[in-house]
Amino acid sequence: MFLADRIEAQLPGWRDRVQRLRGKSGDFKVCDVTVSQIYSGIRGVQIQVSDISFVDPYEGLRIRGYTVPELMKTLPKATGSEMPLAGGLFYLLLCDEIPTAEEAEMVEEEWRQRCLIPTYVYNAIRRMPADTHPMTLFSMGLMALQRESVFAKNFEIGVIKEDYWRYYLEDALNLTAKLPGLAAFIYNLRYQDGIYIPPKPDHDWSANFAHMIDRSDDPDYHDLCRLFFFLHSDHEGGNVSAHAAHLVSSALSDVYLSCAAGMNGLAGPLHGLANQECLKWLLSVQDHFGQLPTKADLRVYLKHQLEGGKLIPGYGHAVLRTTDPRFTEQLNFARKYLPTDGLLQLVELVYHTLPDVLKENNKVSNPWPNVDAINGALQYHFGVKEFDFYTVLFGVSRILGLSAHIVWSRALMKPIERPKSLTTEMLEAMIQTSGN
Ligand code: HAX
């Protein structure tokens with residue numbers, strides 16, 4: 001298979017490089033860990049290597065070395081669209097090179113061949129109570145699909161460690177192929193009386209999601225899906241979902257089990273759920289003013305909110321120290337496609353007002369918008385108004401990145417992760433002995 005061939009060609013070089021680092025520089029210290037870092041979520045401690053993506057505080061996300069604007073220009077586009085094909089992005093994540101249009105289309109074709117979801121998966125989801133959170137249904141769908149794992153079956157028979165990644169790659173392709181269909185099934189079951197719309201063979205992966213939730217006649221929404229699924233696909237290895245998926249896969253849990261673990265992390269309010277909070281907040285500002293406020297009125301309102309201890313969702317970031325380029329790309333989309341949408345005009349006005357107000361508060365490390373400051377407002381415009389579904393959309397996209405990381409972790413034969421914990425008493429004794 002062409003993706004396996006591309007990865008295989010790079011493997012000897014990568015395995016040698018890691019071997020050399022471990023052999024020659026095994027004792028080299030990357031960083032020391034402080035007590036406050038231990039007590040604040042191992043924040044900033046560099047604990048793993050990922051060559052797939054990196055978040056630079058001032059440039060934002062780089063995938064395989066390319067910035068978001070560079071990728072918007074260079075990734076192959078969907079037919080008749082300016083937006084990237086998800087197939088080309090997945091090729092880049094896995095193979096470390098910008099694909100040709102033909103290679104991107106080959107991944108899309110692989111997905112078309114593998115997109116059928118077994119009926120038992122639908123039945124398992126249908127049996128859940130109607131008010132189950134869509135992210136729980138999504139995670140359950142991934143777990144139900146685990147029965148199909150090619151790696152788990154071959155591991156039972158016995159395969160050599162050097163080849164594990166081949167089966168992980170098969171699982172990654174089989175799983176990612178089914179994501180638009182799984183998400184659309186959950187959306188239709190929860191919000192559209194369980195309608196079923198089969199995928200179209202001439203649609204790309206992203207556009208098929210739009211089609212399957214009955215947005216066939218809206219090419220602009222197809223483009224938004226292409227943009228959204230590209231922008232949310234990866235954000236290096238240290239965030240909760242990436243780290244959870246990586247950790248679980250290190251126990252040789254297959255791609256389905258590992259990505260479900262990642263999605264359970266993404267479902268948390270401090271991670272993937274932030275986008276729905278942001279939209280709720282924007283709507284409350286819109287309600288408060290009744291029309292687009294002046295900058296001066298908005299400034300007074302925002303200052304009042306911050307003085308009252310309100311956390312403004314969509315602003316700030318643990319790593320970024322600039323406007324998230326994923327926000328900028330979505331703002332460009334809004335300006336071009338939806339220039340008269342009142343909510344998106346409010347997003348832009350907040351962007352021109354809030355950072356200065358946040359800067360006045362010295363404790364905020366980053367006053368700039370993150371990706372969540374706009375993505376809900378865009379979905380809302382196109383009638384996808386069910387807030388609790390937004391994290392599923394995020395998950396569909398993020399599994400592209402998670403599964404690519406996992407395939408490469410097995411290709412480089414990374415061992416099981418097993419850090420060590422210690423007791424408070426031990427920590428106190430260590431500090432006392434050191435004389436601090
Ligand atoms: N509004 C008000 N106060 C803010 C703020 C904001 N948007 N961002 C940070 N602060 C405050 C913090 O609450 C903190 O106050 P305390 O010391 O009183 O606790 C102080 O500024 C310092 O925080 P920080 O160092 O700037 O930020 P952290 O690295 O601790 O946290 C967060 C980063 C993204 C969690 C934070 O900025 C935040 O809560 N923002 C709003 C929620 C949000 O947009 N989350 C989505 C993040 C993107 C993401 O990962 N999506 O998946």
Side-chain angles (χ1 to χ4, degrees), residues 36-37 39-45 53-58 60-61 68 135 138 228-229 231-245 262-285 298-299 301-331 347 350-351 353-379 387-402:
S36 57
Q37 282 174 316
Y39 278 108
S40 56
I42 46 178
R43 178 71 68 94
V45 181
S53 65
F54 181 75
V55 179
D56 180 276
Y58 298 99
L61 172 67
V68 169
M135 268 310 268
F138 187 55
F228 183 98
F229 292 144
L231 292 177
H232 291 75
S233 61
D234 208 22
H235 220 224
E236 74 166 43
N239 62 73
V240 168
S241 50
H243 189 207
M263 290 304 102
N264 294 341
L266 193 72
L270 294 187
H271 192 10
L273 229 59
N275 51 17
Q276 71 183 52
E277 288 312 308
C278 190
L279 178 56
K280 273 184 209 159
W281 178 78
L282 280 169
L283 290 170
S284 74
V285 179
L298 182 63
R299 191 184 152 79
Y301 176 84
L302 293 172
K303 266 181 87 96
H304 185 68
Q305 287 222 319
L306 288 169
E307 279 157 15
K310 167 96 186 142
L311 191 73
I312 312 276
Y315 281 73
H317 199 272
V319 177
L320 288 172
R321 293 296 173 261
T322 188
T323 298
D324 190 332
R326 301 171 302 167
F327 170 87
T328 309
E329 291 301 336
Q330 294 184 94
L331 187 62
V347 167
V350 172
Y351 177 42
T353 313
L354 181 58
D356 282 341
V357 183
L358 284 171
K359 277 184 215 163
E360 287 165 16
N361 175 348
N362 287 332
K363 67 179 184 176
V364 180
S365 321
N366 177 37
W368 303 106
N370 59 57
V371 70
D372 293 323
I374 184 167
N375 50 20
L378 287 169
Q379 294 294 331
F387 295 6
D388 55 0
F389 188 73
Y390 294 167
T391 316
V392 175
L393 290 176
F394 190 165
V396 167
S397 168
R398 186 50 63 90
I399 289 177
L400 297 175
L402 300 188

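These values consider heavy atoms only, across backbone and side chains, with no hydrogens, waters or symmetry-generated copies. In each ligand, atom 1 is the first atom listed, and ligand 1 is the first ligand listed. By convention here, the first residue in the shown sequence is residue 1.
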Atom indices of ligand 1, in the order listed, that fall short of 4.0 Å to a heavy atom of Ala318: 29 (O), 33 (C)

On a heavy-atom basis, I'd like to know which of Phe394, Trp368, Tyr315 is closest to atom 41 (C) of ligand 1. Tyr315

Minimum-distance protein heavy atom relative to atom 52 (O) of ligand 1: His271 O, 3.1 Å

Does an N or O from Ala274, backbone or side chain, lie closer than 3.5 Å to an N or O of ligand 1? no

From atom 44 (O) of ligand 1, work out which of Ser241, Gly314, Gly309 has a heavy atom at the shortest distance. Gly314

Tell me the contacting part of Ser365 for ligand 1: side chain, backbone, both, or neither, using a 4.0 Å heavy-atom threshold, strictly below. both

Under a 4.0 angstrom heavy-atom cut-off, which atoms of ligand 1 come close to Leu306? 2 (C)

Any atoms of ligand 1 less than 4.0 Å from a non-hydrogen atom of Gly316? List them with their elements. 34 (C), 37 (O)

Where does Arg321 meet ligand 1, judged by heavy-atom distances below 4.0 Å: at the side chain, the backbone, both, or neither? neither

Provide, to 0.1 Å, the distance between atom 13 (O) of ligand 1 and the closest protein heavy atom, together with that atom's residue and name. Leu311 CD1, 3.6 Å

With atom 20 (C) of ligand 1 as the reference point, say which of Lys363, His235, His317, Gln305 has the nearest heavy atom. Lys363

among protein heavy atoms, the one nearest atom 29 (O) of ligand 1 is Arg43 NH1, 3.1 Å

Around atom 9 (C) of ligand 1, find the nearest protein heavy atom and jot down its residue, atom name and distance. Val364 CG1, 4.0 Å

Which residue supplies the protein heavy atom nearest to atom 47 (C) of ligand 1, what is that atom called, and how far is it? Asn370 ND2, 3.6 Å

Report, in ascending order of atom number, the atoms of ligand 1 lying under 4.0 Å from any heavy atom of Lys310. 2 (C)

Does Glu329 pair with Arg326 as a salt bridge, N-O distance under 4.0 Å? no

Flag atom 4 (C) of ligand 1 as yes if some protein heavy-atom distance to it falls below 4.0 Å, otherwise no. yes

Measuring to protein heavy atoms, does anything land under 4.0 Å from atom 39 (O) of ligand 1? yes

Rounded to the nearest 0.5 Å, what separates atom OH in Tyr315 from atom CG in Leu302? 9.0 Å

Just need the protein heavy atom nearest to atom 1 (N) of ligand 1, so name the residue and atom and give the distance. Ile312 N, 3.0 Å

What atoms in ligand 1 come closer than 4.0 Å to a heavy atom of Asp372? 46 (C), 48 (C), 49 (C), 51 (N), 52 (O)

